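Here the structure is laid out as structure tokens; the discussion comes afterwards.
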Amino acid sequence: MSAVLEKEKMLHDDLGVNESGHLTIAGVDTVELAKQYGTPLMVMDEARIRRNMRVYRSAMEKSFGAGSYPLYASKAFSCKYIYRIATEEGMGVDLVSSGELCTAVSAGFDVSNAFLHGNNKTDSDIEYAIECGVGHIVVDNMVELDRIDEIARSRGIVQPILLRLTPGIDPHTHAAITTGKVDSKFGIAIETGQADGAVAYTLGKRNVRLDGFHCHIGSQIFDVTPFCDAARLMIKYIVHARDTFGYEADILNLGGGFGVRYIESQPELDYADFIERIASFIRAEVKKSGVKMPRILMEPGRSIVADSCLTLYTVGGTKVIPGFKSYVSIDGGMPDNPRYALYQSDYTVKLASRMRDVDDFVGTVAGRCCESGDLIQENVPLPTPRRGDILAVLVTGAYNYSMASNYNRIPRPAVVAVKENGEVTQVIRRETYDDLVRLDM
Ligand SMILES: *Cc1c(COP(=O)(O)O)cnc(C)c1O
């Protein structure tokens with residue numbers, strides 16, 4: 001009895017098992033969805049996305065005061081649908097390319113609430129951003145600053161900006177998702193004195209307005225300490241900039257990186273509590289330093305969309321190699337989810353079509369690409385999968401579809417959303433073979 005109950009315990013409350021023994025998301029039968037829309041299929045729980053956004057919005061206003069708010073870091077999942085939800089939920093957004101900007105604009109998002117990032121914005125990126133009326137450009141280096149100032153001057157405007165600084169923090173996560181160290185392709189280092197040069201240079205420009213500073217220390221961080229360390233260094237720098245240049249920052253943007261629960265052994269963070277702990281640290285530091293309290297911005301990406309989504313696949317078959325290991329093959333893989341291949345990311349995998357069966361198989365979930373590294377997860381306990389079973393990979397809302405490719409000319413999956421009223425709508429249609437050859441001359 002307890003084995004069954006134990007198996008029905010899911011990573012979070014919006015996932016469950018129905019009377020047919022099928023996995024459900026927001027109460028909807030995933031096996032039925034797979035039948036209706038085909039696989040691979042990404043299924044998003046809209047209520048959960050909205051709830052995640054609301055948690056950040058209300059926590060930031062409560063902990064930091066009016067004028068402090070979250071920006072959804074849309075590289076985690078960028079499509080018209082998500083910018084419409086961000087609009088309805090009063091979120092700002094963080095954009096990292098003209099492509100994301102154009103998607104936001106085409107969804108009707110008011111980009112005066114957008115911050116444009118990127119470590120190599122081209123001239124046409126800058127022109128396009130200014131033409132669209134992007135609220136802030138987060139400046140990464142001084143070559144870029146010169147171009148922003150020139151382009152803004154040619155259009156007779158003053159462009160609000162932040163300077164992206166690297167505070168010199170290593171949050172001890174995976175090297176590829178650690179960005180706040182001095183040795184990084186992003187931002188301007190405080191430690192080397194280059195930040196001072198950048199502030200002095202920026203303050204001498206007439207067509208940019210320096211509104212404050214930005215930093216982003218990494219991703220999938222479960223501890224408040226690295227955020228507090230970064231905040232302490234950034235506030236120290238705000239004090240230094242005031243004393244050195246007479247410049248008082250209005251905005252301190254602390255970036256994103258809040259951890260998300262992918263597997264049972266990871267904690268489920270209470271983001272409101274997490275934010276309040278960072279806020280009480282910041283209030284104390286600001287008070288000690290005597291600077292005015294800046295408006296605080298944060299840029300959650302993963303923690304807005306990751307746990308709202310799962311991906312459904314159809315099982316092709318298993319391969320058992322006696323004395324070695326076993327594989328289960330699915331009709332997707334690295335084209336729709338390259339994260340295991342890139343970072344050996346953790347995932348929880350379920351046999352959605354037979355949730356109540358006993359786990360009598362341990363295997364590696366393998367994609368369909370001609371690439372040995374095309375795996376989704378290794379050593380996964382499952383009921384012995386059969387051809388035609390539906391397999392679900394949980395918590396795939398962030399950095400899955402947005403990192404998807406057409407490797408091996410595999411069409412990208414469809415994305416559907418379960419609305420708050422239980423209705424299911426397609427938000428991105430499945431690519432067709434016509435789509436695959438659309439650009440070929
Ligand atoms: C990627 C990124 C984020 C979002 O990080 P998450 O870990 O998804 O919350 C925020 N800000 C910047 C500058 C980023 O590069």
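Order of listing sets the numbers, starting from 1, for every ligand and every atom in it. In this chain, residues are counted from 1 in sequence order. Nothing here was measured: the structure is a model prediction, and the numbers come from that model.
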Within ligand 1, which atoms have a heavy atom of Gly256 less than 4.0 Å away? 9 (O), 10 (C), 11 (N)
Which of the ligand 1 atoms, numbered from 1, are nearer than 4.0 Å to a heavy atom of Ala73: 3 (C), 4 (C), 10 (C)
Would you call Glu276-Arg283 a salt bridge at under 4.0 Å N-O? yes
State whether Lys419 and Glu46 are salt-bridged, where the test is any N-O pair (Lys NZ or Arg NE/NH1/NH2 against Asp/Glu carboxylate O) under 4.0 Å. yes
Which of the ligand 1 atoms, numbered from 1, are nearer than 4.0 Å to a heavy atom of Arg302: 6 (P), 8 (O), 9 (O)
Could you check whether Lys205 pairs with Asp146 (Lys NZ or Arg NE/NH1/NH2 to Asp/Glu carboxylate O, under 4.0 Å)? yes
Ring-ring centroid check Phe258 Phe227, cutoff 6.0 Å: yes
Just which atoms of ligand 1 are under 4.0 Å from any heavy atom in Asp94? 10 (C), 11 (N), 12 (C)
Please check if the distance between the ring centroids of His136 and His214 is under 6.0 Å. no
Any salt bridge between Glu285 and Lys288, counting N to O under 4.0 Å? yes
Which ligand 1 atoms are under 4.0 Å away from a heavy-atom of Tyr399? 1 (C), 4 (C), 5 (O), 6 (P), 8 (O)
Electrostatic pair Arg48-Asp307, nearest N-O below 4.0 angstrom: yes
Do the charged groups of Glu420 and Arg50 touch, with an N to O distance under 4.0 Å? yes
Please indicate whether any nitrogen or oxygen in Gly255 is less than 3.5 Å from any nitrogen or oxygen in ligand 1. no
Note: ligand 1 atoms sitting under 4.0 Å from heavy atoms of Pro300 are 9 (O)
Considering Glu299, Met298, Gln220, Arg164 one by one, which has a heavy atom nearer to atom 10 (C) of ligand 1 than any of the others? Glu299
Close approach of Ser303 to ligand 1, heavy atoms, under 4.0 angstrom: no
Counting from 1 in the order shown, the ligand 1 atoms closer than 4.0 Å to a non-hydrogen atom of His214 are 13 (C)
Go through it in stages, so that I can follow the logic: the residues are Val365 and Tyr340, the test is side chain to side chain contact (heavy atoms under 4.5 Å, CB included), and I'd like the CA-CA distance, side-chain angles, deciding distance and then a yes or no. CA-CA 11 Å; Val365 180; Tyr340 189 79; over 6 Å; no
Do any nitrogen or oxygen atoms of Lys75 lie less than 3.5 angstrom from nitrogen or oxygen atoms of ligand 1? yes
Numbered atoms of ligand 1 (with element) below 4.0 Å of Ser219, judged on heavy atoms: 6 (P), 7 (O)
Short N or O distance, Gly301 and ligand 1, threshold 3.5 Å exclusive: yes
